[in-house]
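Note that these values count all heavy atoms, side chains included, but never hydrogens, waters or copies made by symmetry.
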Amino acid sequence: MSEAFKRSVGRTPLIKISNNLYAKLETYNPTGSVKDRMISFVVDEAVRRGEIGPGTTLCDATSGNTGIALSAVAASMGHPCKIFMPSNMSEERKQMMRVFGAEIVDAPADDFEAAITMRDQFLRTNINTWSPMQFSNPDNIRCHRTRTAPEIHRQVNDMKVPWSAFIHGSGTGGTIEGVRQYAEERKLVTKVCMTVPAESPHGIQGIGDGRDFLANPDDMTEVIIIETEAAIQRAKDFAKTTGLLVGISSGANLLASERYLENNEVEGVVVTMLCDRGERYMSIY
């Protein structure tokens, strides 16, 4: 991938939301989402192993942000890209992928299993293809265990306060599981809590994609359930009070973190993720 893309991934600011709540502003990544971290890491590993060669088609099943990141990386490398995604994902995210030159193949609405099946069929029946396999690839977890979690830990340490909790939704589960493993390995006091949509199907695009994949809710300190409409409203309110337009899953993470703080005495700070920019949800907002 281009050096310009690679150098602009990560090192996102940790911004103050309230006295005990801070959030990683992942909109600073090149395509505006946390998924740039995973895709740049996994693609680098695949190139190093010789899995991606000249003309290789990059593909994956996605609810949107992974597809945007993969499309951008494929464009920077001069590779074709094919994305399989449920048909009811936001049109703005599809438009972003198409701008990078990706082809989008629609799966049935809300059916991530069907999108995964379509991706797997494409990989079986076409030569010179590669997928990050985001829902099952251990490199997804390794990215966040070795890069995202230490980055957060350094930023919290710089404030000279304990990192009390990390609260985040699970799409593939790579981010939250990577942070959980990091905290466990280093015997940190950090509680790791999962934001989970209340409805099924739901409208919090980017989390709760059908099943748990890489992260097990039973391994988390707590599961915090958030309603779709409440998540949308929290994201809209956040834009009006901060001038930062973030996505629906960010609204869910903010709400989950605020509810956690209401119900727990916290010494130090709670950290959550503002996963992506809100422009890709304007038709919903």
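Note: F166 and H168 have tilted aromatic rings, judged against thresholds of 30 and 60 degrees for the angle between ring planes. Taking the six-membered ring for Trp and thresholds of 30 and 60 degrees, F84 and F122 have ring planes inclined between 30 and 60 degrees apart.
Here the shortest heavy-atom pairing between A235 and V246 reads CB-O, 4.0 Å. Here the closest non-hydrogen pair linking A215 and S170 is CB-OG, 4.0 Å. Annotation for C59 and R119: closest pair SG-CG, 4.2 Å, computed over non-hydrogen atoms. Between G171 and F213, the closest heavy-atom pair is O-CD1, 3.6 Å. Nearest heavy atoms, A239 versus L245: CB-CD1, 4.0 Å. Scanning all heavy atoms of the two residues, the minimum distance from H202 to I207 falls at CE1-O, 2.9 Å.
Taking a cutoff of 4.0 Å between a charged side-chain nitrogen and a carboxylate oxygen, E262 and R259 do not qualify as a salt bridge. At a threshold of 4.0 Å, the pair R234-E227 does not count as salt-bridged, since none of the basic side-chain nitrogens sits closer than that to a carboxylate oxygen.
Between the T221 side chain and the C193 main chain, no donor and acceptor come within less than 3.5 Å of each other. Side-chain atoms of K94 come within 3.5 Å of backbone atoms of S87 as a donor-acceptor pair (strictly under, hydrogens ignored). The backbone N or O of W130 lies less than 3.5 Å from no partner atom in the side chain of E51, so there is not a single donor-acceptor pair. Looking at E199, its side chain does come within 3.5 Å of a backbone N or O of T228 through a donor-acceptor pair. Between the side chain of D276 and the backbone N or O of T27 there is no donor-acceptor pair closer than 3.5 Å.
Counting non-hydrogen atoms of neighbouring residues, nucleotides and ligands closer than 6.0 angstrom, the CD atom of E265 reaches no more than 12 such neighbours. Heavy atoms of other residues, nucleotides or ligands lying less than 6.0 angstrom from OH of Y285 number more than 12. Atom CD of E3 has more than 12 neighbouring heavy atoms from other residues, nucleotides or ligands inside a 6.0 Å radius. Residue R11 qualifies as enclosed at atom CZ: its count of foreign heavy atoms under 6.0 Å is above 12.
Residue T129 holds its OG1 atom at 12.5 Å from NE2 of H79, rounded to the nearest 0.5 Å. The NZ atom of K82 sits 13.5 Å away from atom CG of D60, with the distance rounded to the nearest 0.5 Å. In this structure, K24 NZ and I15 CD1 are separated by 10.5 Å, a value rounded to the nearest 0.5 Å. Rounding to the nearest 0.5 angstrom, the gap separating the OG atom in S164 from the CG atom in L21 is 11.5 Å. For the atom pair CG of N29 and CD1 of I68, the computed distance is 12.5 Å after rounding to the nearest 0.5 Å. Atoms CZ and CD, from R93 and E279 in turn, are 13.0 Å apart once rounded to the nearest 0.5 Å.
Looking only at side-chain heavy atoms (C-beta outward), W163 and V179 come within less than 4.5 Å of each other. Taking 4.5 Å as the limit, some side-chain heavy atom of T12 sits within range of a side-chain heavy atom of R37. Under the 4.5 Å side-chain criterion, counting only non-hydrogen atoms from C-beta, I204 is in contact with S249. For the pair V196 and P217, the minimum side-chain heavy-atom distance is 4.5 Å or more. Looking at I167 and T195, their side chains come closer than 4.5 Å, going by heavy atoms from C-beta outward. Within the 4.5 Å cutoff, no side-chain heavy atoms of F41 are placed close to those of V9. At least one side-chain heavy atom of Y260 sits less than 4.5 Å from a side-chain heavy atom of V266. Inter-residue side-chain proximity for C275 and S33 is flagged as unmet; no heavy-atom pair is nearer than 4.5 Å.
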**Request:** Kindly determine whether S40 and K6 satisfy side-chain contact (heavy atoms from CB on, under 4.5 Å), including the steps that lead there.
**Result:** CA-CA 7 Å; S40 61; K6 191 182 299 187; 5.5 Å; no
**Request:** Go through M133 and L123 one step at a time and tell me if the side-chain contact (heavy atoms from CB on, under 4.5 Å) criterion holds.
**Result:** CA-CA 11 Å; M133 305 293 284; L123 289 168; 3.9 Å; yes
**Request:** Determine, step by step, whether R49 and D139 satisfy the salt bridge (Lys or Arg N to Asp or Glu O under 4.0 Å) criterion, reporting the C-alpha distance in whole Å, the side-chain angles of both residues, the deciding distance to 0.1 Å, and the verdict.
**Result:** CA-CA 13 Å; R49 292 192 290 255; D139 280 344; 3.1 Å; yes
**Trace of the side-chain contact (heavy atoms from CB on, under 4.5 Å) decision for R147 with E151** = CA-CA 6 Å; R147 295 191 178 180; E151 183 180 314; 5.9 Å; no
**Item:** Steps toward side-chain contact (heavy atoms from CB on, under 4.5 Å) verdict (T31, F5)
**Value:** CA-CA 9 Å; T31 74; F5 188 98; 3.9 Å; yes
**Item:** salt bridge (Lys or Arg N to Asp or Glu O under 4.0 Å) assessment of E184 paired with R145
**Value:** CA-CA 10 Å; E184 182 177 73; R145 188 182 75 244; over 6 Å; no
**Item:** Residue pair Q134, T66: steps toward the side-chain hydrogen bond (donor to acceptor under 3.5 Å, both in side chains) verdict
**Value:** CA-CA 8 Å; Q134 63 164 334; T66 295; 2.7 Å; yes
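In this structure, a donor-acceptor pair under 3.5 Å is present between the side chains of Q181 and E177. Of the N and O atoms on the side chains of N140 and T172, at least one donor lies less than 3.5 Å from an acceptor on the other residue. For R98 and Q95, the side-chain atoms include no donor-acceptor pair closer than 3.5 Å. With hydrogens and angles left out, the side-chain atoms of T175 and H144 include a donor and acceptor closer than 3.5 Å.
With hydrophobic clusters built from ILVMFWY side chains whose heavy atoms lie under 4.5 angstrom apart, M97 shares a cluster with F112. Note on L274: it does not cluster hydrophobically with I152, by side-chain heavy-atom contacts below 4.5 Å among ILVMFWY residues. A continuous path of ILVMFWY side-chain contacts below 4.5 Å connects V47 to L70, so both sit in one hydrophobic cluster. With hydrophobic clusters built from ILVMFWY side chains whose heavy atoms lie under 4.5 angstrom apart, Y22 shares a cluster with V161. Clustering ILVMFWY residues whenever any of their side-chain heavy atoms sit less than 4.5 angstrom apart, transitively, puts I224 in the very cluster that holds I17.
Only one option out of K35, E26, R280, Q205 pairs with N65 in a side-chain hydrogen bond (donor to acceptor under 3.5 Å, both in side chains); it is R280.
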